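These numbers come from a predicted model, not from an experiment. Chain letters run A, B, ... following the sequence lines, proteins first and then strands; every chain starts at 1.
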There are 2 protein chains.
Amino acid sequence: MSAALTVKSEFSRETQFVRQAPPVWLVREQAAPRRAELAHHLPPMSFAQDSGIFAEGDAARYFYKVVGGVVRSCRFSQDGRRHIDAFYKVGEMFGFELGAVHELSAEAVTDCVVIPLRRQGVELAGAQDETSAMQLYTYAMQSLTRARAHSQLLGRCSAVQKLASFLLELSADKQGQAIELPMTRQDIGDYLGLTIETVSRTLSQLEKDGAITLQAARRISIKSRAALADLKG
Amino acid sequence: MSAALTVKSEFSRETQFVRQAPPVWLVREQAAPRRAELAHHLPPMSFAQDSGIFAEGDAARYFYKVVGGVVRSCRFSQDGRRHIDAFYKVGEMFGFELGAVHELSAEAVTDCVVIPLRRQGVELAGAQDETSAMQLYTYAMQSLTRARAHSQLLGRCSAVQKLASFLLELSADKQGQAIELPMTRQDIGDYLGLTIETVSRTLSQLEKDGAITLQAARRISIKSRAALADLKG
DNA sequence: CGGATTGTTGATTACTTTCAACAATGGTGG
DNA sequence: CCACCATTGTTGAAAGTAATCAACAATCCG
């Protein structure tokens with residue numbers, strides 16, 4: 001496993017993709033951040049693949065914004081099974097809490113870089129900075145919208161529908177091209193409430209049906225977005 | 001179906017329970033609301049059982065606080081199946097949205113009374129009323145916490161685990177006594193991602209196992225909270 | 001008293017998990 | 001550079017769970 005990276009260092013896995021376009025989930029945000037969007041932030045922090053950013057029960061002193069790589073937030077049930085609540089890509093915020101401690105862990109799916117934002121700086125900023133308060137509320141509501149959609153997916157859908165939705169979500173931005181999956185089959189399974197075997201089988205099925213092509217385990221190309229949308233239900 | 005009720009009228013179903021203690025979900029909030037908690041509210045509105053409070057796509061001009069009865073928020077998938085996102089009991093808030101329209105419908109599970117709060121009055125209150133802004137954020141975060149727990153339940157749990165969790169949640173306040181279920185088996189199924197048959201069978205199973213007693217279809221008494229907690233996983 | 005709605009139970013089917021074997025990939029050290 | 005080993009992913013067969021189809025019971029209402 002690679003050591004923790006400094007902000008300016010290259011990502012250890014990036015060299016593997018040198019002949020291809022770099023995978024989207026490693027591309028840093030392009031636009032310069034608008035000033036006064038969310039102030040009080042600390043310098044970016046880097047995390048090696050599979051390292052923990054914070055753990056369930058840790059003091060929730062910061063929110064985080066992803067500026068490079070992919071993060072997962074997860075939780076373990078009493079019997080030890082992992083549930084992945086969400087994946088966060090570049091530009092997304094995570095780490096929102098109601099109380100003083102984190103209810104979920106956050107881990108680096110790939111090597112990644114995040115910007116911590118002091119919680120007290122933004123949470124109570126209403127009086128001094130109305131824009132920040134609204135920003136924060138907006139991010140929290142986005143999380144809520146996603147959580148609702150995820151619930152519906154988990155509650156009402158078959159394995160095929162779950163995978164179809166997942167692939168469409170992953171490939172929402174990159175029209176037509178292949179997707180580089182940053183996460184393992186285990187990650188996907190824990191996110192969709194399926195076993196790795198079912199994830200694998202279902203992907204194979206989608207390939208047989210002509211909806212996708214499995215160019216490699218971690219590289220999938222969408223052949224028919226329409227077919228996936230149909231399967232999604 | 002009973003007509004919409006005025007604020008001061010009795011609930012149509014309440015007479016059925018005249019010889020028993022009134023079911024918790026029909027008891028109005030006791031304490032006088034703290035002043036300046038969330039101002040800008042309108043007079044309470046009453047809704048008859050199964051009537052719609054707002055629908056998917058409606059302009060989201062208000063948040064709502066439940067002061068009597070039980071509300072469900074739900075959504076339909078393309079194939080027409082209903083997913084219930086949450087049940088809201090007395091004292092709880094619902095109707096939070098990111099955008100200008102509701103993404104979910106809200107319906108009266110029982111006859112109920114809700115207080116609408118002007119969205120613009122609270123959402124942008126940061127400058128003039130910092131407490132309200134925090135209150136709003138707190139409610140939104142509570143919704144988020146619940147949505148996360150619901151996702152985990154739907155993703156990782158068997159029918160028995162889902163029902164055990166559901167019953168424990170429902171009976172969280174009333175220690176030892178019987179629970180009056182305000183919702184149908186269909187509601188429960190749509191909330192837990194199960195069919196009505198499975199809900200019914202699983203409840204019967206829990207009774208055989210000695211964890212609960214089915215005094216009537218809508219009246220369940222918890223015999224062993226510990227047993228349910230074990231099953232919950 | 002019907003008729004409609006809601007809930008229960010049984011038999012069968014379909015889907016996902018589990019258990020198991022094996023293939024592919026990546027990293028390490030000789 | 002290649003052999004080796006650990007990790008990750010795929011596929012098959014059997015078992016288990018929930019859905020579906022179907023019949024019937026209980027309750028509510030007019």
* **Check: B:Tyr191 ring centroid to B:Phe87 ring centroid under 6.0 Å** => yes

* Structure fact -> Closest of D:dG9, C:dT17, D:dT20 to the B:Glu197 side chain is D:dT20

* To do: Write down the distance between CG (A:Leu194) and C1' (C:dT18), rounded to a whole number of angstrom.
  => 14 Å

* Asked: Hey, does the side-chain of A:Arg201 have a donor or acceptor N/O within less than 3.5 Å of a partner on the base of D:dG9?
  -> no

* Base, sugar-phosphate, or nothing for A:Gly193, non-hydrogen atoms under 4.0 angstrom? -> sugar-phosphate

* **Distance test, side-chain N/O of A:Thr198 to OP1/OP2 of C:dT16, below 4.0 Å** => no

* Hey, which sits more toward the 5' end of DNA chain D by its nearest nucleotide, B:Cys157 or A:Gln186? => A:Gln186

* Roughly how many Å is it from CG in B:Leu214 to P in C:dG7, rounded to a whole number? -> 12 Å

* Asked: Rounded to whole angstrom units, what separation is found between the NZ atom of A:Lys208 and the C1' atom of D:dT11?
  -> 9 Å

* Rounded distance (Å) that lies between atom P of D:dT11 and atom CG of A:Leu203 -> 10 Å

* Given atom CG of B:Asp50 and atom P of D:dC28, what is their separation to the nearest angstrom? -> 15 Å

* Asked: 5'-most contact on DNA chain C: B:Ile196 or A:Ser158, nearest heavy atom basis?
  -> B:Ile196

* Any side-chain donor paired with an acceptor under 3.5 Å for A:Arg225 and A:Ser171? -> yes

* For B:Ser200, report the nucleic acid contact type (base, sugar-phosphate, nothing); a contact means any heavy atom under 4.0 Å. => base

* Is the distance between the ring centroids of B:Tyr139 and B:Phe63 less than 6.0 Å? -> no

* Asked: Within the pair A:Ser204 and D:dT11, is there a side-chain N or O less than 4.0 Å away from OP1 or OP2?
  -> yes

* Listed nucleotide nearest any side-chain atom of B:Thr195, set D:dT11, D:dA19, C:dT16 -> D:dA19

* Short N-O contact, B:Asp85 and B:Arg72, less than 4.0 angstrom -> no

* Structure fact -> Rounded to whole Å, the CD-P distance (A:Gln205 to C:dA14) equals 15 Å

* A:Leu154 has an atom CG; how far is it from atom P of C:dC15, in whole Å? -> 19 Å

* Aromatic contact, B:Tyr64 with B:Phe54 (centres under 6.0 Å) -> yes

* Structure fact -> To the nearest angstrom, the CZ-P distance between A:Arg218 and D:dT7 comes to 15 Å

